[in-house]
There are 2 protein chains.
Amino acid sequence: MTTQRTQEVRERLLAAAAELIAERGWAGVSTRVLAERAGVGPGLVHYHFSSLRALLNEAALHAVTAVVQEGADRLAGATAREGLDLLLGALDAYTGGDPVSVLFTETYLAAGRDEELRRALTRLLADFRVLLTDWLRATGVPDPDATARVLAAAMDGLMLHRPLDPSLTAEAAVPVLRRLLTGAVEEY
Amino acid sequence: MTTQRTQEVRERLLAAAAELIAERGWAGVSTRVLAERAGVGPGLVHYHFSSLRALLNEAALHAVTAVVQEGADRLAGATAREGLDLLLGALDAYTGGDPVSVLFTETYLAAGRDEELRRALTRLLADFRVLLTDWLRATGVPDPDATARVLAAAMDGLMLHRPLDPSLTAEAAVPVLRRLLTGAVEEY
DNA sequence: GATCGCCTTGGGCGAGTGCCCAAAATCGAG
DNA sequence: CTCGATTTTGGGCACTCGCCCAAGGCGATC
């Protein structure tokens with residue numbers, strides 16, 4: 001299959017793009033550095049993708065979706081205790097300076113300037129929020145829907161603030177966050 | 001005074017830069033569009049500033065400092081009730097799509113790639129956190145220091161998520177946030 | 001009015017940009 | 001092996017980038 005090889009090049013370009021967005025910022029990714037990182041000629045970028053913008057959108061959305069999916073899968077059948085460990089784990093895995101955190105923020109920002117990306121991100125976030133809400137409800141948290149929204153936002157906010165506040169560790173934040181889940185976690 | 005006029009041009013450049021960072025993103029601000037927005041010749045940028053990078057740093061830091069200062073001043077002698085109103089007011093003033101919110105996020109991101117900017121932002125945030133901590137302590141919130149860190153991060157996270165979640169209004173978020181302040185606000 | 005120093009202009013330099021395209025390489029089908 | 005289609009290459013086009021600089025404008029001081 002020739003399609004096999006084509007797919008592999010596409011994926012290498014997408015992976016390189018995700019790396020470079022985090023390193024250099026959305027607007028700092030050029031066709032040439034992208035091609036070099038992916039190990040292909042500069043012309044290939046516009047052979048496999050209609051535009052650099054489209055490539056960046058697809059790369060960011062693909063990477064962000066993968067991370068969210070993994071989190072969602074783990075959360076799916078988790079108990080209250082397991083869910084909290086999951087949160088805590090996420091908090092010190094994504095410190096704000098790591099590529100994944102930066103890519104998230106870059107993507108949020110880019111979504112503000114690209115309608116199509118914004119729509120896709122909105123849908124992704126909504127799907128995840130449904131899962132989070134279900135878990136909160138099952139755990140016995142009072143207002144699961146609003147709590148899920150705020151909790152998701154707070155997690156991203158913590159990643160945004162972490163590089164600017166070295167004392168903002170996961171251990172410091174989790175006891176406070178637990179107050180958001182009042183009533184459900186006193187046994188923890 | 002010739003210095004008078006010089007200062008005015010500098011400030012016009014800084015103001016134009018703050019606008020453009022929000023509109024086009026940090027890397028999307030060029031010397032030429034910046035000069036045009038400020039109403040001056042393109043060469044003036046490098047007469048008044050050592051580099052475009054230095055100009056952007058100063059502009060962003062200046063604008064962000066002004067916003068934080070204003071919030072700090074208002075919070076300084078506020079009661080528990082007034083403080084909560086202040087939070088609520090901030091939440092629906094900065095919706096995430098407005099120039100101020102975007103500028104904040106752009107600046108956080110840029111700080112990750114510029115040591116000097118990161119240092120200055122860290123100090124600014126630390127100063128504000130002290131004030132927030134004092135207010136929380138005076139209000140009777142349990143763990144004021146950690147709570148201040150998480151609360152500040154959560155506010156920024158909400159602004160990040162708002163454009164992607166239309167249902168995330170200030171009214172929906174505030175009751176949940178109030179749980180962070182358990183024990184102090186049951187009269188509210 | 002002449003002079004001096006700060007402010008401002010606009011053009012120019014080399015480098016880098018997204019995108020395009022003719023030509024070469026590669027590969028599966030016959 | 002040959003042929004046709006697909007994939008890949010690298011150079012080129014028109015443009016923008018940050019930064020520099022010679023030239024002129026301008027206001028304050030004698």
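Note on naming: letters A, B, ... go to the chains in the order of the sequence lines (proteins, then strands), and numbering restarts at 1 for each one. Please read all numbers here as calculations on a predicted model, not as lab measurements. In what follows, every heavy atom counts, from backbone to side chain, and hydrogens, waters and symmetry copies are set aside.
Side-chain N/O atoms of A:Arg32 and base N/O atoms of C:dG16 include no donor-acceptor pair closer than 3.5 Å.
One atom, CG of B:Leu56, and another, C1' of D:dC19, lie 14 Å apart when rounded to the nearest Å. One can place CG of B:Leu34 at 13 Å from P of C:dT9, the figure rounded to the nearest angstrom. In this structure, the CD atom of A:Glu8 is 13 Å from the P atom of C:dC27, given to the nearest Å. Across the protein-nucleic acid pair, A:Glu36 atom CD and D:dT8 atom C1' stand 17 Å apart, rounded to whole Å. B:Leu20 places its CG atom 12 Å from the P atom of D:dC17, with the value rounded to the nearest Å.
Put simply, B:Ser30 has no side-chain N or O that comes within less than 4.0 Å of OP1 or OP2 on D:dT16. B:Thr31 has a side-chain polar atom (N or O) that falls below the 4.0 Å cut-off from OP1 or OP2 of D:dG18.
Residues from residues 38-53 of chain A lying near DNA chain D, meaning a heavy-atom separation below 4.0 Å, are A:Val40, A:Gly41, A:Gly43, A:Leu44, A:Tyr47, A:His48 in numerical order.
Smallest separation of non-hydrogen atoms from A:Gly71 and A:Leu86: O-CD2, 4.2 Å.
Residues A:Leu131 and A:Leu87 do not share a hydrophobic cluster, defined by chaining ILVMFWY side chains whose heavy atoms lie under 4.5 Å apart.
Across all strands shown, A:Val29 has heavy atoms under 4.0 Å from sugar-phosphate atoms exclusively, and none from any base.
Around the CZ atom of A:Arg12, the shell of radius 6.0 Å holds more than 12 heavy atoms that belong to other residues, nucleotides or ligands.
Between the side chain of B:Asp98 and the backbone N or O of B:Gly96, at least one donor-acceptor pair lies under 3.5 Å. Using a distance-only test at 3.5 Å, with no hydrogens or angles considered, no donor-acceptor pair links the side chain of A:Asp127 to the main chain of A:Leu125.
In this model, no donor atom of one side chain and acceptor atom of the other lie less than 3.5 Å apart for A:Ser101 and A:Arg162.
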